[in-house]
**Student:** 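Just passing along the structure, written as structure tokens.
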Protein chains: 2
Amino acid sequence: MKKIPSLIDVARRAKVNISTVSRVINQTGKIGAETQERVLKVMRELGYKPNRVARRLRTQAGSTHLLGLIIPNIQNIFFADLARGVEDVAYKNNFALLLCNYDEDEAKERFYLDVMQSESVDGIIIPPIQETDQAVLQVVRNGTPVVCVDRSVSSGNLDKVEVDNHIGALRAVEHIISRGHRRIGVIGGPLDSSTGRERLRGYKDAHAQAGITLKTELIRFGDFKQHSGRVLAHELLSLSDPPTALFVCNGLMMAGALEAIAARGLKIPRQVAIVGFDELTLADVFNPPLTVVRQPAYEVGKCAAELLLKRIEDPKRPASSLKLLPELIVRKSC
Amino acid sequence: MKKIPSLIDVARRAKVNISTVSRVINQTGKIGAETQERVLKVMRELGYKPNRVARRLRTQAGSTHLLGLIIPNIQNIFFADLARGVEDVAYKNNFALLLCNYDEDEAKERFYLDVMQSESVDGIIIPPIQETDQAVLQVVRNGTPVVCVDRSVSSGNLDKVEVDNHIGALRAVEHIISRGHRRIGVIGGPLDSSTGRERLRGYKDAHAQAGITLKTELIRFGDFKQHSGRVLAHELLSLSDPPTALFVCNGLMMAGALEAIAARGLKIPRQVAIVGFDELTLADVFNPPLTVVRQPAYEVGKCAAELLLKRIEDPKRPASSLKLLPELIVRKSC
DNA sequence: GCAAACTACGCAAACGTTTGCGTGAACGAC
DNA sequence: GTCGTTCACGCAAACGTTTGCGTAGTTTGC
């Protein structure tokens with residue numbers, strides 16, 4: 001329970017003013033070589049570590065070395081990968097990370113946004129809960145750098161990095177069609193999310209390209225959670241004229257759909273083919289191995305963090321918008 | 001870019017001293033009903049949010065409402081679940097969470113421990129990298145509450161919550177033996193981790209109980225990562241007298257082992273049975289569904305956070321040590 | 001050889017809180 | 001009517017930094 005040394009302790013021991021110590025730490029201002037040496041020595045002896053809280057309090061923005069990341073759920077592997085991406089670049093630049101799960105709950109999102117501001121983070125990475133997310137817009141109005149990931153936010157000039165959901169879905173469904181399928185069921189995401197909408201658009205465009213007319217009974221909307229994947233797959237497969245292939249718009253719903261297929265004892269891909277959005281842990285050793293479109297989640301996080309750091313350094317730089325390409329991994333399920 | 005209101009702004013507008021405002025916020029001290037009303041009104045008008053940084057700076061410990069969580073890798077679903085557990089109880093108690101991945105890298109662990117202290121977190125949850133983890137011992141010596149999870153730390157009286165790895169492994173291997181197997185290969189974890197050791201002990205004890213003598217060539221040690229699972233499974237299956245069943249000591253290595261089995265075109269469980277440690281995303285819809293021992297990761301995180309909060313409230317309470325029971329989920333892979 | 005410029009460092013304010021102490025007013029007891 | 005108590009609130013220090021300004025002492029320019 002020994003006292004943690006502060007600037008004052010170092011200063012006293014080195015017989016200089018605290019401002020001098022501060023300056024050798026931050027390498028700002030002119031310091032005599034000899035003094036510098038002495039201060040550094042004392043710092044080592046005392047095991048001095050700068051107090052980040054005090055530093056944050058003093059300097060308003062840009063040097064707190066703390067980033068905020070607010071995601072729906074860390075248990076979703078997509079966001080875990082993404083988080084890992086931002087963490088890695090944060091660590092490389094000596095930033096720490098404040099991480100929160102908001103669970104698609106607006107109150108929680110608001111709470112955590114408040115916390116972040118109140119913690120004086122240098123910047124925030126967030127997949128906005130809504131297209132027009134007043135809470136995050138308020139934050140950027142307060143002057144905190146924000147970059148949006150995964151989903152877009154309607155209002156203008158924010159940095160953002162997304163994956164090209166349209167092209168991903170398009171390629172996936174094109175592939176399904178190229179395998180000869182004409183009745184393709186889709187388990188989509190919520191239409192009020194850009195991801196849900198874009199993936200559905202890919203599905204539709206692929207049909208249009210191939211001259212296949214859409215059947216509304218084959219189009220179902222889930223909530224990106226496992227449960228909805230299961231029940232919607234059951235619904236689709238219970239149709240009097242069931243689809244011969246399924247396109248499932250995220251990883252968790254994919255797991256649910258596979259449950260339904262297993263429960264019905266259907267053989268993949270003979271009785272029903274399937275391709276999912278998002279890579280899954282055992283996808284490549286599944287029987288049969290699962291055809292999926294892999295999202296570059298780690299890269300999304302990495303790019304977002306890099307963008308954020310750039311903006312922190314230069315708050316006036318024009319907003320940039322990245323769109324990363326997903327990759328269709330063709331295995332045996334379709 | 002408007003100025004964020006501070007205590008001073010509220011005080012001025014309500015025509016009181018800042019200390020009064022502080023007192024109505026914290027509900028400490030006597031305040032006149034009328035004054036209180038006025039101050040609250042002004043706070044609402046201005047949208048005042050207390051500055052957590054200043055608060056943390058002023059009060060030394062116990063009320064910063066910030067918890068630290070340092071884990072090996074958030075991409076490991078076990079730790080993601082665990083993290084979710086602590087996050088949930090943190091949120092319920094209005095705590096925020098500082099999350100870091102240390103990647104089994106001692107330098108990173110040290111860096112993040114420094115950050116945590118420097119951020120004046122109220123407490124830290126960590127799976128110590130070593131049995132005798134000097135860095136974390138130093139932290140508790142400095143007076144920061146710490147609870148260890150998953151792995152134990154040798155030195156005395158720390159709060160900790162683990163899962164009973166011995167009983168988990170014992171039950172698993174008992175089950176394998178009950179299926180008639182006598183040559184059981186094990187892909188274990190590093191022996192310098194308590195988890196690795198305890199699971200191996202379970203494996204051995206199950207053999208002893210059944211009167212089966214251990215064959216050293218059937219015992220291999222990985223590093224809990226996917227790659228080692230694959231190569232060790234290949235090694236075991238290449239033996240002139242290969243095992244008829246495999247016990248794999250964590251989830252990632254399980255995925256690797258399944259890769260190896262798939263590559264060799266072996267049928268589970270006919271040609272080789274397998275049971276793993278850790279539940280996996282598609283385990284229940286795998287073909288065949290995977291028999292695993294499920295660790296209560298979420299509960300571990302939950303309990304750890306609750307323990308930590310208790311200790312923060314009362315730093316002198318005796319250390320408690322929880323051991324949660326894992327669950328053998330028998331499916332079809334053995 | 002002297003003004004100007006620079007070097008190396010100290011002084012003190014400021015960041016937004018919390019909190020011990022002080023104090024005037026109201027109040028109850030006698 | 002006096003005195004002690006309680007109430008409601010103000011004053012100012014403190015937490016550990018950063019940083020603009022000031023200032024001795026030294027160097028440079030000519």
Side-chain angles (χ1 to χ4, degrees), chain A residues 3-40 42-43 46-66 114-115 117-122 143, chain B residues 3-40 43 46-66 114-115 117-122 142-143:
Chain A
K3 185 184 180 306
I4 288 183
S6 75
L7 267 192
I8 299 194
D9 303 308
V10 177
R12 256 203 285 272
R13 208 151 195 269
K15 305 208 183 308
V16 292
N17 189 275
I18 57 166
S19 55
T20 304
V21 182
S22 172
R23 281 190 263 260
V24 351
I25 291 172
N26 300 3
Q27 311 198 33
T28 150
K30 297 289 180 187
I31 303 290
E34 177 186 350
T35 312
Q36 164 146 347
E37 201 49 52
R38 184 153 36 94
V39 170
L40 287 175
V42 172
M43 282 177 43
L46 261 47
Y48 169 78
K49 303 277 163 50
N51 182 318
R52 296 170 56 102
V53 178
R55 192 197 294 249
R56 281 234 294 295
L57 179 59
R58 178 53 222 251
T59 70
Q60 49 278 46
S63 60
T64 74
H65 276 221
L66 182 64
D114 280 350
V115 168
Q117 288 192 94
S118 172
E119 289 284 354
S120 309
V121 299
D122 282 332
Chain B
K3 186 183 178 305
I4 288 183
S6 76
L7 267 192
I8 299 193
D9 303 308
V10 177
R12 255 204 285 271
R13 208 149 195 273
K15 306 208 182 307
V16 292
N17 190 275
I18 57 167
S19 55
T20 303
V21 181
S22 171
R23 280 190 264 260
V24 350
I25 292 171
N26 299 5
Q27 311 198 32
T28 152
K30 297 290 181 186
I31 303 290
E34 177 186 352
T35 312
Q36 164 147 346
E37 200 50 50
R38 186 153 34 95
V39 170
L40 287 175
M43 280 175 46
L46 261 48
Y48 170 77
K49 302 277 163 50
N51 182 316
R52 296 169 56 101
V53 178
R55 191 196 295 249
R56 282 233 295 293
L57 178 58
R58 179 50 221 252
T59 72
Q60 49 278 46
S63 60
T64 74
H65 276 220
L66 182 65
D114 281 350
V115 168
Q117 289 194 93
S118 172
E119 288 283 354
S120 309
V121 298
D122 283 331
N142 285 348

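Labels below follow one simple rule: chain letters A, B, ... track the order of the sequence lines, proteins then strands, and each chain is numbered from 1. All heavy atoms count here, side chains included; hydrogens, waters and symmetry mates do not.
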**Student:** Using atom CD of B:Gln117 as one end and atom P of D:dG16 as the other, report the distance to the nearest whole Å.
**Tutor:**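 In whole Å, D:dG16 P and B:Gln117 CD are 14 Å from each other.
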
**Student:** Report yes or no: is there a donor-acceptor pair, N or O only, under 3.5 Å between the side chain of A:Ser19 and the base of C:dC11?
**Tutor:**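 When only heavy-atom distances are counted, A:Ser19 does reach the base of C:dC11 through a donor-acceptor pair under 3.5 Å.
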
**Student:** Please give, in whole Å, the distance from C:dT17 C1' to B:His65 NE2?
**Tutor:**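 Rounding to the nearest Å, NE2 of B:His65 and C1' of C:dT17 are 15 Å apart.
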
**Student:** Out of C:dC11, D:dG10, D:dT17, which has the shortest distance to the side chain of B:Arg23?
**Tutor:**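 Comparing C:dC11, D:dG10, D:dT17 against the side chain of B:Arg23, the answer is D:dG10.
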
**Student:** Which pair of heavy atoms, one from A:Asp122 and one from A:His65, lies closest together, and at what distance?
**Tutor:**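 The answer is OD2-N, 2.7 Å.
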
**Student:** For A:Val16, answer base if it contacts any base atom (sugar-phosphate contacts may also be present), sugar-phosphate if it contacts only those atoms, and nothing otherwise; contact means non-hydrogen atoms under 4.0 Å.
**Tutor:**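 Sugar-phosphate contact only.
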
**Student:** Kindly indicate whether the side chain of B:Arg56 and the base of D:dG16 share any N or O donor-acceptor pair separated by less than 3.5 Å?
**Tutor:**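 Counting by modelled atom types and ignoring angles, no donor-acceptor contact under 3.5 Å is found here.
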
**Student:** In a table with atom names and distances, give each donor-acceptor pair under 3.5 Å that connects a side chain of residues 12-25 of chain A to protein atoms at least two apart or in another chain.
**Tutor:**
from, atom 1, to, atom 2, distance (Å)
A:Arg13, NH1, A:Glu45, OE1, 2.3
A:Asn17, OD1, A:Ser19, N, 2.8
A:Asn17, OD1, A:Ser19, OG, 2.8
A:Ser19, OG, A:Arg23, NH2, 3.4

**Student:** Can you tell me how far C1' of D:dA24 sits from CG of A:Asn17, to the nearest Å?
**Tutor:**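 Taking atom C1' of D:dA24 as the reference, CG of A:Asn17 is at 15 Å.
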
**Student:** May I ask you to test the A:Arg52-A:Leu66 pair for a side-chain heavy-atom distance under 4.5 Å?
**Tutor:**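 The answer is yes, as the side chains (C-beta and beyond) meet within the 4.5 Å cut-off.
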
**Student:** Would you name the heavy atoms of A:Ser120 and A:Arg56 that are closest together and state the gap between them?
**Tutor:**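 Looking at all heavy atoms of both residues, the shortest contact is O-CD, 3.7 Å.
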
**Student:** Looking only at heavy atoms, which two atoms of B:Pro5 and B:Gly47 are closest? And how far apart?
**Tutor:**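 Looking at all heavy atoms of both residues, the shortest contact is CG-O, 4.1 Å.
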
**Student:** Does B:Thr20 place a side-chain N or O at less than 4.0 Å from the phosphate oxygens OP1/OP2 of D:dG10?
**Tutor:**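 The answer is yes; a side-chain N or O of B:Thr20 sits under 4.0 Å from OP1 or OP2.
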
**Student:** Quick check for you: among D:dC11, D:dT17, C:dT17, whose closest atom lies nearest to any side-chain atom of A:Tyr48?
**Tutor:**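 Nearest to the side-chain atoms of A:Tyr48, counting from C-beta on, is D:dT17.
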
**Student:** Quick one: B:Ile8 CD1 to C:dA13 C1', roughly how many Å, whole number?
**Tutor:**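 Result: 13 Å.
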
**Student:** Calculate the interatomic distance between A:Leu57 atom CG and C:dG16 atom C1'; express it in whole Å.
**Tutor:**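 Distance check: A:Leu57 CG to C:dG16 C1' gives 6 Å.
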
**Student:** Under 4.0 angstrom, heavy atoms only, what part of the nucleic acid is A:Ile18 near: base, sugar-phosphate, or nothing?
**Tutor:**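 Base contact.
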
**Student:** Just how far, in rounded Å, is C1' of D:dC15 from CZ of A:Arg52?
**Tutor:**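 So the CZ-C1' distance, A:Arg52 to D:dC15, works out to 17 Å.
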
**Student:** Could you please name the option among D:dT17, C:dT19, C:dC11 that lies closest to any side-chain atom of A:Ala54?
**Tutor:**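 Closest of the options to the side chain of A:Ala54: D:dT17.
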
**Student:** Taking the side chain as everything from C-beta on, heavy atoms only, tell me whether A:Asn26 gets closer than 4.5 Å to A:Arg55.
**Tutor:**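 A side-chain contact under 4.5 Å exists here.
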
**Student:** Looking at side-chain heavy atoms only, is the closest gap between B:Ile4 and B:Lys49 below 4.5 Å?
**Tutor:**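 When only atoms from C-beta onward are counted, B:Lys49 and B:Ile4 do not touch, as no gap falls below 4.5 Å.
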
**Student:** Side chain of B:Arg55, heavy atoms from C-beta onward: which of D:dG20, D:dG10, C:dT17 has the nearest atom to it?
**Tutor:**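 It is C:dT17.
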
**Student:** So which heavy atom on B:Ser118 is nearest to which on A:Pro50, and how close?
**Tutor:**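 Result for this residue pair: OG-O, 2.8 Å.
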
**Student:** Distance check needed: C:dG10 P versus A:Arg12 CZ, whole Å only.
**Tutor:**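 The distance from CZ of A:Arg12 to P of C:dG10 comes to 14 Å, rounded to the nearest Å.
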
**Student:** Could you give the CG-to-P distance, from A:Asp9 to D:dC15, as a whole number of Å?
**Tutor:**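 These atoms are roughly 10 Å apart.
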
**Student:** Identify each atom pair where a protein N or O and an N or O of nucleotides 5-7 of chain D are less than 3.5 Å apart, giving names and distance.
**Tutor:**
none

**Student:** Answer with base, sugar-phosphate or nothing: what part of the nucleic acid does A:Ile31 contact at a heavy-atom distance below 4.0 Å?
**Tutor:**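 Counting heavy atoms under 4.0 Å across all strands, the contact made by A:Ile31 is with sugar-phosphate only.
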
**Student:** At under 4.0 Å between heavy atoms, what does A:Ser22 touch on the DNA or RNA strands: base, sugar-phosphate, or nothing?
**Tutor:**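 Base contact.
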
**Student:** Does A:Asn51 place a side-chain N or O at less than 4.0 Å from the phosphate oxygens OP1/OP2 of D:dT17?
**Tutor:**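 For A:Asn51, the contact criterion (side-chain N or O under 4.0 Å from OP1 or OP2 of D:dT17) is not met.
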
